[in-house]
There are 2 protein chains.
Amino acid sequence: MVKKPAATPRREESLSRGRIIEAAIALLDEAGESGLTFRALSQRLATGPGAIYWHVANKSELLTAACDTIVARTMDAPLADATPEDTIRAIALGMFDAIDEHPWVGSALTHAPGQLPVIRILERLGRQLQALGVPQACQWRTVSALLNYILGVGGQNAANRQFAQAEGLDRTEFLGSVANAWSDLDPDDYPFARSVAGLFPDHDDREDFLFGVDLILRGVGT
Amino acid sequence: MVKKPAATPRREESLSRGRIIEAAIALLDEAGESGLTFRALSQRLATGPGAIYWHVANKSELLTAACDTIVARTMDAPLADATPEDTIRAIALGMFDAIDEHPWVGSALTHAPGQLPVIRILERLGRQLQALGVPQACQWRTVSALLNYILGVGGQNAANRQFAQAEGLDRTEFLGSVANAWSDLDPDDYPFARSVAGLFPDHDDREDFLFGVDLILRGVGT
DNA sequence: ACCTGAACACCGTTCAAGT
DNA sequence: ACCTGAACACCGTTCAAGT
(Lines give C-alpha, C1' and ligand atoms only; values in the text may rest on other atoms or scores of the structure.)
Protein backbone atom coordinates (compact mmCIF):
# COMPACT_ATOMS: atom_id res chain seq x y z
CA MET A 1 0.00 0.00 0.00
CA VAL A 2 1.35 3.32 -0.99
CA LYS A 3 1.30 5.86 1.78
CA LYS A 4 1.06 9.50 0.85
CA PRO A 5 4.05 11.50 2.05
CA ALA A 6 3.31 13.40 5.24
CA ALA A 7 1.29 16.43 4.26
CA THR A 8 2.81 19.78 5.06
CA PRO A 9 1.07 21.18 8.10
CA ARG A 10 -2.20 22.92 7.26
CA ARG A 11 -2.22 26.56 8.03
CA GLU A 12 -4.92 27.68 10.39
CA GLU A 13 -6.09 30.94 8.90
CA SER A 14 -6.55 31.45 5.20
CA LEU A 15 -4.09 33.51 3.26
CA SER A 16 -4.61 37.24 3.00
CA ARG A 17 -2.65 40.22 1.85
CA GLY A 18 -2.23 41.32 5.43
CA ARG A 19 -0.87 37.99 6.61
CA ILE A 20 1.51 37.87 3.66
CA ILE A 21 2.90 41.32 4.42
CA GLU A 22 3.25 40.44 8.08
CA ALA A 23 5.23 37.32 7.20
CA ALA A 24 7.36 39.29 4.74
CA ILE A 25 8.29 41.78 7.44
CA ALA A 26 9.25 39.01 9.82
CA LEU A 27 11.37 37.38 7.13
CA LEU A 28 13.06 40.66 6.20
CA ASP A 29 13.84 41.40 9.83
CA GLU A 30 15.31 37.96 10.40
CA ALA A 31 17.16 37.34 7.17
CA GLY A 32 17.65 40.76 5.61
CA GLU A 33 16.74 41.94 2.17
CA SER A 34 18.09 38.90 0.40
CA GLY A 35 16.09 36.68 2.73
CA LEU A 36 12.77 37.69 1.20
CA THR A 37 12.07 35.00 -1.34
CA PHE A 38 8.78 33.72 -2.65
CA ARG A 39 9.89 30.22 -1.77
CA ALA A 40 10.96 31.09 1.78
CA LEU A 41 7.85 33.18 2.23
CA SER A 42 5.48 30.52 0.94
CA GLN A 43 7.13 27.94 3.19
CA ARG A 44 6.61 30.18 6.20
CA LEU A 45 3.00 30.57 5.19
CA ALA A 46 2.61 26.84 4.53
CA THR A 47 1.57 27.29 0.93
CA GLY A 48 3.01 27.33 -2.56
CA PRO A 49 4.78 30.25 -4.24
CA GLY A 50 1.93 30.71 -6.68
CA ALA A 51 -0.63 31.33 -3.95
CA ILE A 52 1.04 34.58 -2.96
CA TYR A 53 0.46 35.98 -6.42
CA TRP A 54 -3.27 35.83 -5.85
CA HIS A 55 -2.94 38.55 -3.20
CA VAL A 56 0.10 40.48 -4.33
CA ALA A 57 1.11 41.61 -7.81
CA ASN A 58 4.85 40.95 -7.57
CA LYS A 59 7.87 41.17 -5.34
CA SER A 60 8.39 44.88 -5.74
CA GLU A 61 4.83 45.63 -4.65
CA LEU A 62 5.23 43.30 -1.69
CA LEU A 63 8.42 45.01 -0.58
CA THR A 64 6.87 48.46 -0.89
CA ALA A 65 3.81 47.31 1.05
CA ALA A 66 6.00 45.90 3.82
CA CYS A 67 7.94 49.15 3.89
CA ASP A 68 4.72 51.13 4.00
CA THR A 69 3.53 49.20 7.04
CA ILE A 70 6.62 50.23 8.97
CA VAL A 71 6.52 53.82 7.75
CA ALA A 72 2.80 54.18 8.52
CA ARG A 73 3.36 52.85 12.02
CA THR A 74 6.22 55.31 12.50
CA MET A 75 4.42 58.32 11.08
CA ASP A 76 1.25 57.62 13.04
CA ALA A 77 3.08 57.68 16.35
CA PRO A 78 1.72 60.64 18.26
CA LEU A 79 4.16 63.44 18.89
CA ALA A 80 4.22 65.75 21.85
CA ASP A 81 3.16 69.31 21.05
CA ALA A 82 6.29 71.13 20.10
CA THR A 83 7.64 73.78 17.79
CA PRO A 84 7.60 72.93 14.08
CA GLU A 85 11.37 72.59 14.17
CA ASP A 86 11.26 70.10 17.00
CA THR A 87 8.49 68.19 15.31
CA ILE A 88 10.55 67.93 12.13
CA ARG A 89 13.45 66.66 14.19
CA ALA A 90 11.16 64.10 15.79
CA ILE A 91 9.81 62.93 12.43
CA ALA A 92 13.30 62.57 11.01
CA LEU A 93 14.57 60.75 14.08
CA GLY A 94 11.55 58.48 13.97
CA MET A 95 12.51 57.39 10.47
CA PHE A 96 16.14 57.06 11.45
CA ASP A 97 15.24 54.73 14.28
CA ALA A 98 12.79 52.76 12.18
CA ILE A 99 15.48 52.16 9.56
CA ASP A 100 17.92 51.27 12.29
CA GLU A 101 15.50 48.61 13.47
CA HIS A 102 14.52 47.46 9.96
CA PRO A 103 17.49 48.22 7.69
CA TRP A 104 15.68 46.89 4.61
CA VAL A 105 13.25 49.83 4.93
CA GLY A 106 16.09 52.15 3.98
CA SER A 107 16.62 50.57 0.61
CA ALA A 108 12.94 49.86 0.03
CA LEU A 109 12.26 53.60 0.33
CA THR A 110 14.87 54.31 -2.30
CA HIS A 111 13.21 51.91 -4.70
CA ALA A 112 9.71 53.32 -4.29
CA PRO A 113 10.01 56.93 -5.43
CA GLY A 114 6.78 58.88 -5.21
CA GLN A 115 4.99 55.90 -3.67
CA LEU A 116 2.89 55.87 -0.55
CA PRO A 117 5.65 55.33 2.02
CA VAL A 118 7.52 58.36 0.74
CA ILE A 119 4.33 60.41 0.52
CA ARG A 120 3.59 59.76 4.18
CA ILE A 121 6.91 61.21 5.24
CA LEU A 122 6.63 64.11 2.83
CA GLU A 123 3.15 64.94 4.09
CA ARG A 124 4.21 65.14 7.71
CA LEU A 125 7.29 67.17 6.95
CA GLY A 126 5.42 69.48 4.61
CA ARG A 127 2.80 70.45 7.16
CA GLN A 128 5.49 71.49 9.59
CA LEU A 129 7.16 73.59 6.93
CA GLN A 130 3.85 75.34 6.35
CA ALA A 131 3.56 75.93 10.09
CA LEU A 132 7.05 77.32 9.95
CA GLY A 133 5.89 79.91 7.43
CA VAL A 134 7.95 78.70 4.49
CA PRO A 135 6.49 80.52 1.46
CA GLN A 136 4.42 78.37 -0.84
CA ALA A 137 6.84 78.71 -3.73
CA CYS A 138 9.65 77.18 -1.65
CA GLN A 139 7.72 74.42 0.04
CA TRP A 140 8.32 71.73 -2.54
CA ARG A 141 12.04 72.36 -2.78
CA THR A 142 12.38 72.44 0.95
CA VAL A 143 10.57 69.18 1.66
CA SER A 144 12.50 67.64 -1.18
CA ALA A 145 15.74 68.63 0.46
CA LEU A 146 14.74 67.27 3.84
CA LEU A 147 13.32 64.10 2.37
CA ASN A 148 16.28 63.39 0.14
CA TYR A 149 18.62 63.87 3.05
CA ILE A 150 16.63 61.43 5.18
CA LEU A 151 16.48 58.93 2.32
CA GLY A 152 20.19 59.33 1.70
CA VAL A 153 21.13 58.58 5.29
CA GLY A 154 18.64 55.73 5.39
CA GLY A 155 20.09 54.18 2.26
CA GLN A 156 23.63 54.42 3.57
CA ASN A 157 22.64 52.91 6.89
CA ALA A 158 20.89 50.06 5.17
CA ALA A 159 23.90 49.43 2.95
CA ASN A 160 26.29 49.55 5.89
CA ARG A 161 24.29 46.93 7.71
CA GLN A 162 24.05 44.70 4.71
CA PHE A 163 27.75 44.98 4.06
CA ALA A 164 28.62 44.22 7.66
CA GLN A 165 26.25 41.28 7.71
CA ALA A 166 27.71 39.87 4.49
CA GLU A 167 31.19 39.94 6.00
CA GLY A 168 29.98 38.65 9.34
CA LEU A 169 31.07 41.76 11.22
CA ASP A 170 29.25 43.71 13.89
CA ARG A 171 28.88 47.47 13.70
CA THR A 172 32.09 48.31 15.56
CA GLU A 173 34.18 45.85 13.58
CA PHE A 174 32.74 47.14 10.35
CA LEU A 175 33.42 50.78 11.19
CA GLY A 176 36.90 49.80 12.25
CA SER A 177 37.60 48.09 8.95
CA VAL A 178 36.37 51.12 7.04
CA ALA A 179 38.50 53.42 9.18
CA ASN A 180 41.52 51.23 8.50
CA ALA A 181 40.92 51.25 4.79
CA TRP A 182 40.66 55.03 4.83
CA SER A 183 43.84 55.37 6.85
CA ASP A 184 45.69 53.35 4.24
CA LEU A 185 44.79 55.76 1.44
CA ASP A 186 47.52 57.72 -0.30
CA PRO A 187 48.33 60.76 1.89
CA ASP A 188 48.80 62.99 -1.14
CA ASP A 189 45.53 62.09 -2.79
CA TYR A 190 43.25 61.71 0.23
CA PRO A 191 44.41 63.97 3.06
CA PHE A 192 40.90 64.84 4.15
CA ALA A 193 39.55 61.30 4.16
CA ARG A 194 42.55 60.23 6.24
CA SER A 195 42.17 63.10 8.67
CA VAL A 196 38.58 62.12 9.26
CA ALA A 197 39.13 58.37 9.49
CA GLY A 198 40.64 58.63 12.95
CA LEU A 199 37.63 60.02 14.75
CA PHE A 200 35.45 57.68 12.76
CA PRO A 201 34.89 54.69 15.03
CA ASP A 202 33.64 56.75 18.00
CA HIS A 203 31.06 58.82 16.19
CA ASP A 204 27.36 58.59 16.89
CA ASP A 205 25.33 57.98 13.74
CA ARG A 206 22.20 59.37 15.30
CA GLU A 207 23.85 62.61 16.38
CA ASP A 208 25.47 63.03 12.97
CA PHE A 209 22.09 62.53 11.38
CA LEU A 210 20.47 65.15 13.58
CA PHE A 211 23.30 67.55 12.86
CA GLY A 212 22.44 67.36 9.18
CA VAL A 213 18.75 67.97 9.86
CA ASP A 214 19.69 71.02 11.91
CA LEU A 215 21.94 72.28 9.14
CA ILE A 216 19.00 72.23 6.75
CA LEU A 217 16.62 73.74 9.29
CA ARG A 218 19.08 76.52 9.95
CA GLY A 219 19.23 77.17 6.22
CA VAL A 220 15.44 77.30 6.09
CA GLY A 221 15.36 79.84 8.91
CA THR A 222 17.48 82.42 7.11
CA MET B 1 32.52 14.81 -42.77
CA VAL B 2 31.49 16.62 -39.67
CA LYS B 3 31.91 20.35 -39.83
CA LYS B 4 32.55 22.24 -36.64
CA PRO B 5 29.85 24.83 -35.91
CA ALA B 6 30.90 28.31 -36.89
CA ALA B 7 33.23 29.56 -34.20
CA THR B 8 32.14 32.66 -32.33
CA PRO B 9 34.17 35.59 -33.64
CA ARG B 10 37.57 35.87 -32.04
CA ARG B 11 38.05 38.97 -30.03
CA GLU B 12 40.99 41.07 -31.10
CA GLU B 13 42.51 42.20 -27.82
CA SER B 14 42.86 39.92 -24.84
CA LEU B 15 40.59 40.35 -21.88
CA SER B 16 41.59 42.72 -19.13
CA ARG B 17 39.97 44.29 -16.11
CA GLY B 18 39.87 47.61 -17.91
CA ARG B 19 38.16 46.26 -20.99
CA ILE B 20 35.63 44.43 -18.84
CA ILE B 21 34.75 47.58 -16.91
CA GLU B 22 34.47 49.53 -20.12
CA ALA B 23 32.07 46.98 -21.56
CA ALA B 24 30.10 46.94 -18.32
CA ILE B 25 29.64 50.71 -18.48
CA ALA B 26 28.44 50.51 -22.06
CA LEU B 27 26.00 47.77 -21.16
CA LEU B 28 24.70 49.67 -18.12
CA ASP B 29 24.22 52.81 -20.17
CA GLU B 30 22.35 50.96 -22.89
CA ALA B 31 20.26 48.53 -20.91
CA GLY B 32 20.13 49.92 -17.38
CA GLU B 33 21.00 48.27 -14.14
CA SER B 34 19.18 45.05 -14.91
CA GLY B 35 21.01 44.83 -18.24
CA LEU B 36 24.34 44.06 -16.60
CA THR B 37 24.55 40.29 -16.69
CA PHE B 38 27.57 38.05 -16.81
CA ARG B 39 26.07 36.34 -19.83
CA ALA B 40 25.32 39.55 -21.70
CA LEU B 41 28.69 40.94 -20.72
CA SER B 42 30.61 37.86 -21.80
CA GLN B 43 28.77 37.80 -25.11
CA ARG B 44 29.73 41.42 -25.74
CA LEU B 45 33.31 40.51 -24.92
CA ALA B 46 33.17 37.37 -27.08
CA THR B 47 34.07 35.06 -24.24
CA GLY B 48 32.45 32.82 -21.62
CA PRO B 49 31.00 33.97 -18.31
CA GLY B 50 33.74 32.21 -16.38
CA ALA B 51 36.50 34.21 -18.04
CA ILE B 52 35.32 37.42 -16.39
CA TYR B 53 35.90 35.94 -12.97
CA TRP B 54 39.58 35.74 -13.68
CA HIS B 55 39.76 39.55 -13.68
CA VAL B 56 36.95 40.54 -11.35
CA ALA B 57 35.89 39.05 -8.02
CA ASN B 58 32.13 39.23 -8.46
CA LYS B 59 29.28 41.33 -9.77
CA SER B 60 29.23 43.74 -6.87
CA GLU B 61 32.92 44.56 -7.31
CA LEU B 62 32.38 45.04 -11.03
CA LEU B 63 29.50 47.44 -10.47
CA THR B 64 31.46 49.45 -7.94
CA ALA B 65 34.44 49.59 -10.29
CA ALA B 66 32.24 50.80 -13.14
CA CYS B 67 30.75 53.40 -10.83
CA ASP B 68 34.20 54.48 -9.71
CA THR B 69 35.28 55.06 -13.29
CA ILE B 70 32.46 57.53 -13.79
CA VAL B 71 32.97 59.20 -10.42
CA ALA B 72 36.72 59.52 -10.93
CA ARG B 73 36.19 61.08 -14.34
CA THR B 74 33.69 63.52 -12.83
CA MET B 75 35.80 64.44 -9.82
CA ASP B 76 38.94 64.89 -11.88
CA ALA B 77 37.29 67.46 -14.11
CA PRO B 78 39.14 70.72 -13.50
CA LEU B 79 37.09 73.45 -11.86
CA ALA B 80 37.49 77.14 -12.37
CA ASP B 81 38.95 78.99 -9.41
CA ALA B 82 36.04 80.00 -7.28
CA THR B 83 34.94 80.45 -3.70
CA PRO B 84 34.68 77.28 -1.64
CA GLU B 85 30.89 77.57 -1.73
CA ASP B 86 30.84 77.76 -5.51
CA THR B 87 33.25 74.88 -5.75
CA ILE B 88 31.00 72.76 -3.55
CA ARG B 89 28.06 73.66 -5.77
CA ALA B 90 30.10 72.66 -8.82
CA ILE B 91 31.12 69.33 -7.28
CA ALA B 92 27.54 68.54 -6.32
CA LEU B 93 26.21 69.55 -9.73
CA GLY B 94 28.90 67.47 -11.40
CA MET B 95 27.64 64.41 -9.58
CA PHE B 96 24.04 65.32 -10.33
CA ASP B 97 24.78 65.51 -14.03
CA ALA B 98 26.84 62.34 -14.01
CA ILE B 99 23.96 60.46 -12.41
CA ASP B 100 21.57 62.03 -14.86
CA GLU B 101 23.68 60.66 -17.68
CA HIS B 102 24.33 57.30 -16.01
CA PRO B 103 21.37 56.62 -13.71
CA TRP B 104 22.84 53.32 -12.51
CA VAL B 105 25.64 55.30 -10.82
CA GLY B 106 23.07 56.65 -8.37
CA SER B 107 22.17 53.26 -7.04
CA ALA B 108 25.69 51.87 -7.30
CA LEU B 109 26.85 54.64 -4.95
CA THR B 110 24.23 53.67 -2.43
CA HIS B 111 25.43 50.08 -2.47
CA ALA B 112 29.10 50.90 -1.98
CA PRO B 113 29.20 52.71 1.37
CA GLY B 114 32.66 53.81 2.42
CA GLN B 115 34.13 52.55 -0.85
CA LEU B 116 36.39 54.43 -3.24
CA PRO B 117 33.72 56.18 -5.32
CA VAL B 118 32.19 57.69 -2.19
CA ILE B 119 35.60 58.57 -0.78
CA ARG B 120 36.44 60.55 -3.91
CA ILE B 121 33.39 62.75 -3.47
CA LEU B 122 33.92 63.09 0.26
CA GLU B 123 37.53 64.12 -0.25
CA ARG B 124 36.70 66.89 -2.66
CA LEU B 125 33.87 68.20 -0.54
CA GLY B 126 35.90 67.98 2.65
CA ARG B 127 38.76 70.09 1.35
CA GLN B 128 36.35 72.86 0.48
CA LEU B 129 34.83 72.72 3.93
CA GLN B 130 38.31 73.12 5.38
CA ALA B 131 38.86 76.10 3.09
CA LEU B 132 35.57 77.45 4.35
CA GLY B 133 36.91 77.37 7.89
CA VAL B 134 34.57 74.73 9.27
CA PRO B 135 36.08 73.73 12.63
CA GLN B 136 37.73 70.33 12.67
CA ALA B 137 35.23 68.89 15.12
CA CYS B 138 32.37 69.62 12.72
CA GLN B 139 34.03 68.58 9.49
CA TRP B 140 32.95 64.96 9.50
CA ARG B 141 29.32 65.73 10.30
CA THR B 142 29.18 68.43 7.69
CA VAL B 143 30.61 66.36 4.82
CA SER B 144 28.34 63.56 5.89
CA ALA B 145 25.34 65.81 5.58
CA LEU B 146 26.34 67.08 2.15
CA LEU B 147 27.27 63.62 0.93
CA ASN B 148 24.12 61.96 2.20
CA TYR B 149 22.02 64.63 0.56
CA ILE B 150 23.79 64.11 -2.75
CA LEU B 151 23.47 60.35 -2.47
CA GLY B 152 19.81 60.68 -1.54
CA VAL B 153 18.99 62.76 -4.58
CA GLY B 154 21.08 60.49 -6.77
CA GLY B 155 19.28 57.41 -5.51
CA GLN B 156 15.86 58.95 -6.11
CA ASN B 157 16.83 60.06 -9.59
CA ALA B 158 18.09 56.61 -10.44
CA ALA B 159 14.92 55.01 -9.11
CA ASN B 160 12.73 57.45 -11.03
CA ARG B 161 14.46 56.61 -14.26
CA GLN B 162 14.26 52.90 -13.66
CA PHE B 163 10.58 53.14 -12.80
CA ALA B 164 9.81 55.22 -15.87
CA GLN B 165 11.78 52.85 -18.08
CA ALA B 166 9.98 49.81 -16.67
CA GLU B 167 6.62 51.38 -17.51
CA GLY B 168 7.82 52.61 -20.88
CA LEU B 169 7.26 56.27 -20.01
CA ASP B 170 9.44 59.27 -20.67
CA ARG B 171 10.27 61.76 -17.96
CA THR B 172 7.30 64.06 -18.52
CA GLU B 173 4.81 61.21 -18.70
CA PHE B 174 6.25 59.68 -15.57
CA LEU B 175 6.09 62.95 -13.60
CA GLY B 176 2.56 63.43 -14.86
CA SER B 177 1.48 60.01 -13.64
CA VAL B 178 3.00 60.66 -10.22
CA ALA B 179 1.29 64.06 -10.05
CA ASN B 180 -2.02 62.44 -10.93
CA ALA B 181 -1.62 59.79 -8.27
CA TRP B 182 -0.85 62.47 -5.69
CA SER B 183 -3.87 64.51 -6.73
CA ASP B 184 -6.09 61.50 -6.15
CA LEU B 185 -5.03 61.15 -2.53
CA ASP B 186 -7.57 61.69 0.23
CA PRO B 187 -7.87 65.46 0.81
CA ASP B 188 -8.20 65.00 4.57
CA ASP B 189 -5.15 62.80 4.93
CA TYR B 190 -2.79 64.33 2.40
CA PRO B 191 -3.50 68.05 1.99
CA PHE B 192 0.13 68.97 1.64
CA ALA B 193 1.01 66.29 -0.91
CA ARG B 194 -1.99 67.35 -2.99
CA SER B 195 -1.11 71.03 -2.76
CA VAL B 196 2.34 70.29 -4.05
CA ALA B 197 1.32 67.85 -6.80
CA GLY B 198 0.05 70.65 -9.02
CA LEU B 199 3.29 72.49 -9.52
CA PHE B 200 5.06 69.17 -9.83
CA PRO B 201 5.34 68.57 -13.58
CA ASP B 202 7.02 71.92 -14.31
CA HIS B 203 9.72 71.79 -11.72
CA ASP B 204 13.40 71.63 -12.57
CA ASP B 205 15.18 68.75 -10.84
CA ARG B 206 18.53 70.41 -11.16
CA GLU B 207 17.36 73.66 -9.61
CA ASP B 208 15.65 71.82 -6.78
CA PHE B 209 18.85 69.91 -6.16
CA LEU B 210 20.89 73.08 -6.02
CA PHE B 211 18.37 74.66 -3.68
CA GLY B 212 19.02 71.84 -1.20
CA VAL B 213 22.77 72.27 -1.47
CA ASP B 214 22.34 75.97 -0.77
CA LEU B 215 20.13 75.24 2.22
CA ILE B 216 22.91 73.16 3.74
CA LEU B 217 25.59 75.68 2.83
CA ARG B 218 23.56 78.43 4.42
CA GLY B 219 23.29 76.31 7.56
CA VAL B 220 27.05 75.82 7.56
CA GLY B 221 27.60 79.54 7.30
CA THR B 222 25.75 80.41 10.48
C1' DA C 1 48.48 32.32 -16.75
C1' DC C 2 44.38 32.68 -18.86
C1' DC C 3 40.21 31.04 -20.99
C1' DT C 4 36.08 27.85 -21.99
C1' DG C 5 31.45 26.47 -21.26
C1' DA C 6 28.76 23.06 -19.00
C1' DA C 7 26.80 22.48 -14.54
C1' DC C 8 24.96 23.90 -9.91
C1' DA C 9 21.99 26.08 -6.97
C1' DC C 10 19.33 29.30 -6.92
C1' DC C 11 15.76 33.16 -8.44
C1' DG C 12 10.68 35.54 -9.87
C1' DT C 13 6.79 34.37 -12.29
C1' DT C 14 3.23 31.66 -14.82
C1' DC C 15 -0.35 28.50 -15.41
C1' DA C 16 -2.94 24.18 -15.95
C1' DA C 17 -5.14 21.71 -12.72
C1' DG C 18 -7.45 21.13 -8.59
C1' DT C 19 -10.96 22.45 -4.53
C1' DA D 1 -12.66 32.46 -5.56
C1' DC D 2 -8.68 30.70 -4.04
C1' DC D 3 -4.89 27.54 -3.86
C1' DT D 4 -1.26 24.04 -5.57
C1' DG D 5 3.18 22.95 -7.30
C1' DA D 6 5.52 21.77 -11.45
C1' DA D 7 7.62 24.19 -15.15
C1' DC D 8 9.86 28.18 -17.58
C1' DA D 9 13.26 31.38 -18.34
C1' DC D 10 16.32 33.33 -16.27
C1' DC D 11 20.27 34.53 -12.71
C1' DG D 12 25.54 34.56 -10.27
C1' DT D 13 29.10 31.57 -9.55
C1' DT D 14 32.15 27.40 -9.81
C1' DC D 15 35.25 24.30 -11.78
C1' DA D 16 37.22 20.54 -14.52
C1' DA D 17 39.26 20.74 -18.69
C1' DG D 18 41.69 22.91 -22.19
C1' DT D 19 45.54 26.19 -24.38
Side-chain angles (χ1 to χ4, degrees), chain A residues 4-24 27-28 31-67 104 107-108 111-112 162-163 165-167, chain B residues 4-24 27-28 31-67 104 107-108 111-112 162-163 165-167:
Chain A
K4 278 207 223 138
T8 51
R10 278 274 131 178
R11 91 187 82 85
E12 270 128 50
E13 310 156 60
S14 71
L15 227 47
S16 71
R17 190 177 156 89
R19 279 177 47 76
I20 290 170
I21 292 172
E22 202 182 297
L27 202 50
L28 285 160
E33 227 183 319
S34 64
L36 180 61
T37 286
F38 275 80
R39 278 168 243 272
L41 188 60
S42 62
Q43 196 186 352
R44 182 185 275 261
L45 289 165
T47 181
I52 296 169
Y53 281 88
W54 185 263
H55 303 275
V56 150
N58 52 43
K59 186 174 178 175
S60 156
E61 196 208 87
L62 176 57
L63 193 57
T64 301
C67 173
W104 52 272
S107 61
H111 294 113
Q162 202 179 317
F163 227 78
Q165 189 201 332
E167 318 251 309
Chain B
K4 275 207 221 134
T8 51
R10 278 276 129 175
R11 90 186 83 82
E12 270 127 51
E13 309 158 60
S14 70
L15 228 45
S16 71
R17 191 178 155 89
R19 280 176 47 76
I20 291 171
I21 292 171
E22 201 182 297
L27 202 49
L28 286 160
E33 226 182 319
S34 63
L36 180 62
T37 286
F38 274 80
R39 278 169 243 272
L41 188 60
S42 61
Q43 194 185 352
R44 182 185 276 261
L45 289 165
T47 180
I52 296 170
Y53 281 89
W54 185 262
H55 302 275
V56 150
N58 51 44
K59 186 174 179 175
S60 155
E61 196 208 87
L62 176 57
L63 192 58
T64 302
C67 173
W104 53 272
S107 62
H111 294 113
Q162 202 180 318
F163 227 78
Q165 189 200 334
E167 317 251 308

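To find a chain, count down the sequence lines: A is the first, B the second, and so on, and within it residues start at 1.
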Worksheet item: Got a donor-acceptor contact below 3.5 angstrom from the B/Thr37 side chain to the B/Ala40 backbone?
Response: no
Discussion item. A quick test of your reading: do over 12 heavy atoms of other residues, nucleotides or ligands sit less than 6.0 Å from CD of B/Gln43?
Written reply: no
Discussion item. Nearest whole Å is fine: how far is C/dG12 P from A/Ile20 CD1?
Written reply: 14 Å
Worksheet item: Does some side-chain heavy atom of B/Leu27 sit less than 4.5 Å from a side-chain heavy atom of B/Arg44?
Response: yes
Item to complete: Write down the distance between CG (B/Leu27) and P (D/dG12), rounded to a whole number of angstrom.
Response: 11 Å
Worksheet entry | Sequence neighbours excluded, every pair satisfying ring pair (Phe, Tyr, Trp, His ring centres under 6.0 Å) that has a member inside residues 41-66 of chain A | A/Phe38-A/Tyr53
Practice prompt. Return no unless some side-chain N or O of B/His55 is found under 4.0 Å from OP1 or OP2 of C/dC3.
Written response: yes
Fill in: Check: A/Glu61 and A/Thr64 side chains under 4.5 Å, non-hydrogen atoms
no
Discussion item. Strictly by Watson-Crick or wobble contacts shorter than 3.5 Å, is anything paired with C/dG18, and which nucleotide is it?
Written reply: D/dC2
Distances under 3.5 Å between protein N/O atoms and the N/O atoms of nucleotides 8-11 of chain D, please, pair by pair.
unit_1	atom_1	unit_2	atom_2	d
D/dC11	N4	B/Arg39	NH2	3.4

Response to the item:
Taking D/dT13, D/dC2, C/dT14 as options, the one with an atom nearest any side-chain atom of B/Tyr53 is D/dT13
Practice prompt. Round to a whole Å and report the spacing from CD1 of B/Ile52 to C1' of D/dC15.
Written response: 16 Å
Worksheet item: So which one's nearest nucleotide on DNA chain D is more toward 5', A/Trp54 or A/Pro49?
Response: A/Trp54
Practice prompt. Write down the partner of C/dG12 under the Watson-Crick or G-U wobble criteria, each distance required to be under 3.5 Å.
Written response: D/dC8
Practice prompt. Nearest whole angstrom, please: distance from the P of D/dT13 to the CG of B/Leu41.
Written response: 12 Å
Worksheet item: Taking only residues two or more places apart in sequence or in another chain, which ones pass side-chain hydrogen bond (donor to acceptor under 3.5 Å, both in side chains) with A/Arg39?
Response: none
Worksheet item: Can you tell me how far P of C/dC2 sits from CG of B/Leu15, to the nearest Å?
Response: 11 Å
